[in-house]
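Structure first, then comments.
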Amino acid sequence: MKARVHVMLKNGVLDPQGEAVRRALGSLGFDGIEGVRQGKVIELDLVDGTSEDTINEMCEKLLANTVIESYRVEVI
Amino acid sequence: MRAAVIVFPGSNCDRDMAVGLRAAGADVSMVWHKDADLPADIDLVAIPGGFSFGDYLRCGAIAAQSPICKAVVAHAQRGGYVLGVCNGFQVLTETGLLPGALMRNAELKFICKTVDLKVETSNSAYTQGYNAGDVVGFPVAHHDGNYTADQETLARLEDDARVAFRYSVNPNGSINDIAGILSENRRVLGMMPHPERAVDDGHGGTDGQALFRGLVGQLATA
């Protein structure tokens with residue numbers, strides 16, 4: 001099985017990289033971009049039957065820094 | 001006074017840290033990240049600057065999971081002293097020994113220059129060699145020094161006078177201009193600027209000497 005973990009800066013935490021991307025898109029002439037948030041995607045190859053609890057524990061302990069980041073697990 | 005300097009793959013201020021501590025009179029051992037134990041009778045652990053594990057995942061995140069960090073956390077929990085500079089500060093937040101987190105600099109640029117810092121408290125082994133209000137010049141060299149914490153944590157840091165150093169002119173967007181913070185028992189200090197790069201006339205300044213001398217002096221008599 002595979003799991004995809006999406007890690008994003010929490011809402012309310014300023015994302016300077018996303019902001020830089022937004023400005024760059026604007027300078028390319030794309031209008032109407034009200035905001036950009038940049039995060040990361042981590043794909044895990046797991047043995048079948050790995051529980052979602054275990055994956056959440058991986059996120060809490062290492063994959064995300066929950067002081068500033070939120071995460072979402074997608075089993076695929 | 002016995003100090004251990006932790007060396008990770010990618011550390012690059014480990015020897016500067018050892019030189020700074022030795023110049024102040026400390027007996028310094030270098031300790032590799034794969035070691036599970038600190039040498040016996042260590043008073044201070046210093047986590048140096050650099051790019052441990054290539055800053056993969058997040059700065060300090062992989063280093064914080066290394067075998068030696070479990071021993072460092074246990075040392076701190078026993079009331080031991082821990083100094084983390086730059087990447088060392090990032091490692092300390094990732095281990096949870098210090099609250100908050102260090103994000104990408106607000107202007108997204110790597111900053112490498114000497115900055116003025118205000119010493120906010122002399123009430124710690126690290127800052128007793130200064131007076132509160134002193135302004136010192138330490139180099140900064142980081143891409144991710146933008147300190148942040150939630151409002152509750154921030155209020156606790158401020159109310160308990162746990163902000164050790166504040167930038168005179170904020171280079172990286174850190175909240176409340178914070179450059180360095182102390183743990184609740186004031187024995188763990190994390191800071192982005194480099195005191196070990198300001199201990200010799202050849203560095204262009206010696207404002208960091210008082211930090212190491214004060215620290216070694218206090219721990220030698222403890």
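Every chain is numbered from 1, with letters handed out A, B, ... down the list of sequences.
Heavy atoms closer than 4.5 Å to chain A are found in the side chain of E94(B), but not in its backbone. Using a 4.5 Å cut-off between heavy atoms, I68(A) touches chain B through its side chain atoms alone. For V13(A), the part sitting under 4.5 Å from any heavy atom of chain B is the side chain, from C-beta outward, and nothing else. Heavy-atom distances place the backbone of L14(A), and not its side chain, under 4.5 Å from chain B. For E69(A), the part lying near chain B is the side chain, with the backbone staying farther off; criterion is any non-hydrogen pair under 4.5 Å. Proximity to chain A (any heavy atom under 4.5 Å) is shown, for L57(B), by both the backbone and the side chain. With a 4.5 Å cut-off on non-hydrogen atoms, N105(B) touches chain A through its backbone but not through its side chain. Of the atoms belonging to K61(A), it is backbone heavy atoms, and not side-chain ones, that fall under 4.5 Å from chain B.
Atom CD of E107(B) sits in a sparse spot, with 12 or fewer heavy atoms from other residues, nucleotides or ligands closer than 6.0 Å. Annotation for E184(B): atom CD does not count as buried by contact number, only 12 or fewer foreign heavy atoms lying within 6.0 Å. For Y56(B), the OH atom sits in a loose shell: 12 or fewer heavy atoms of surrounding residues, nucleotides or ligands are nearer than 6.0 Å. The environment of D41(B) atom CG is sparse: at most 12 non-hydrogen atoms of other residues, nucleotides or ligands sit within 6.0 angstrom. Atom NZ of K40(A) sits in a crowded spot, with more than 12 heavy atoms from other residues, nucleotides or ligands closer than 6.0 Å. Crowding of R2(B) atom CZ: a count of heavy atoms from other residues, nucleotides or ligands under 6.0 Å exceeding 12.
Between atom NZ of residue K10(A) and atom OG1 of residue T148(B) there is a gap of 10.0 Å, rounded to the nearest 0.5 Å. To the nearest 0.5 Å, atoms CG (N65(A)) and CE (M103(B)) are separated by 10.5 Å.
The backbone N or O of L63(A) sits less than 3.5 Å from a side-chain atom of R58(B), completing a donor-acceptor pair.
Minimum heavy-atom separation, P16(A) to A106(B): CB-O, 3.6 Å.
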